[in-house]
Amino acid sequence: KAIFLTSGINPSNLSVINVENSSNPVHAISWKKQGVGNAGESLWEAHRFGVDSIISTMTQSDRVDIIKLVNPPMAAMSFVEQSRIELPSPSGLAVQGNLAYIESKQKLYVVDLTNPAVPVILGNTDLGMDQDLKQGRIGATRIFVDGKYAYVAGFQQVSMVDIADSAKPILKRVFRESSNVPEGDLGFGNVSAVSKYGDYLVVSSKDNIKYPIRFIYLPLFTCSGSED
């Protein structure tokens with residue numbers, strides 16, 4: 001039983017916390033990216049997949065790392081860099097089965113992780129981000145995958161992508177902050193998390209203190225066009 005934590009900027013750490021004893025969690029081991037990184041480079045997100053592999057995104061870099069866990073028992077665990085996926089400034093990341101969903105430069109990429117030593121990019125689609133918002137903004141902060149859809153949270157929007165065909169993901173809808181909001185409502189702002197609760201899409205914004213969480217009732221929408 002372990003928790004994987006990412007932290008730090010240049011160098012960035014991936015830490016493993018042993019939670020076998022939940023009342024006394026213990027730091028087991030950390031992994032640091034090898035070599036000298038770019039200014040502002042930050043290990044953004046990491047997920048374990050398969051038996052002994054971890055995939056992690058590094059913002060302000062040009063790659064996604066796949067790391068192999070050697071001797072998974074906590075007492076003897078170590079990390080070995082296994083492979084990498086060349087993508088510019090990757091950030092948001094989600095894993096479902098042997099497929100990874102990665103945001104890079106306002107696009108969502110689907111990657112086959114069946115062989116961690118040789119990851120394969122299957123397809124990608126644009127996320128429909130407003131041109132005015134692209135400059136100087138990080139891409140996706142979080143990605144949530146539920147069945148045939150991926151929900152990609154970014155600055156002032158959530159993109160809904162049909163991922164039924166891994167080779168041809170399709171942007172179905174973009175939910176954006178409203179241009180007609182109540183007084184004191186800052187809209188979506190910088191979306192920090194996205195999830196689902198039943199038929200509702202749950203969106204959290206770290207900028208909107210008054211209305212930090214929004215619920216979008218998905219059956220109201222036809223999965224085409226955009227919601228303003």
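Below, all heavy atoms of this structure are taken into account, side chains as well, without hydrogens, waters or symmetry copies.
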Handout entry: Full working for side chain to side chain contact (heavy atoms under 4.5 Å, CB included) between Y149 and I163
Key = CA-CA 5 Å; Y149 291 107; I163 53 173; 5.5 Å; no
Practice task
Could you walk me through whether V111 and V120 pass side chain to side chain contact (heavy atoms under 4.5 Å, CB included), step by step?
Solution key: CA-CA 5 Å; V111 180; V120 178; 5.8 Å; no
Supply the atom-to-atom distance [X] [atom1] to [Y] [atom2], rounded to the nearest 0.5 angstrom.
X    : Y    : atom1 : atom2 : value
E103 : L108 : CD    : CG    : 8.0 Å
M160 : F175 : CE    : CZ    : 6.0 Å
I121 : S166 : CD1   : OG    : 13.5 Å

So, for [X] and [Y], which heavy atoms are closest and what is the spacing to 0.1 Å?
X    : Y    : result
P169 : V110 : CG-CG2, 4.1 Å
L93  : I143 : N-CD1, 3.8 Å
S83  : P119 : OG-CD, 3.6 Å
T125 : L171 : OG1-N, 3.8 Å
R84  : E81  : NH2-OE1, 4.2 Å
P116 : Q82  : CB-OE1, 3.6 Å

Side-chain donor or acceptor of [X] paired with backbone N/O of [Y] under 3.5 Å:
X    : Y    : value
S159 : V174 : no
S104 : P88  : yes
Q96  : Y101 : no

Problem - N-O pairing of D146 and K196 below 4.0 Å - result: yes
Would you indicate whether the side-chain heavy atoms of [Y] and [X] approach each other to under 4.5 Å?
X    : Y    : answer
L201 : V194 : yes
I213 : V202 : yes
I66  : F49  : yes
L122 : L99  : yes

Practice task
Test side chain to side chain contact (heavy atoms under 4.5 Å, CB included) on I102 and I85 and set out the steps.
Solution key: CA-CA 10 Å; I102 305 167; I85 306 162; 4.2 Å; yes
Handout entry: Single-linkage hydrophobic cluster V118~L87, side-chain heavy atoms < 4.5 angstrom
Key = no
Exercise for the section: Let me see the working for V161 and K172 under side chain to side chain contact (heavy atoms under 4.5 Å, CB included), right down to the final yes or no. Expected result: CA-CA 5 Å; V161 180; K172 302 297 289 186; over 6 Å; no
Problem - Within 45° cone of F144 ring axis and under 6.0 Å: R142 NZ or CZ - result: no
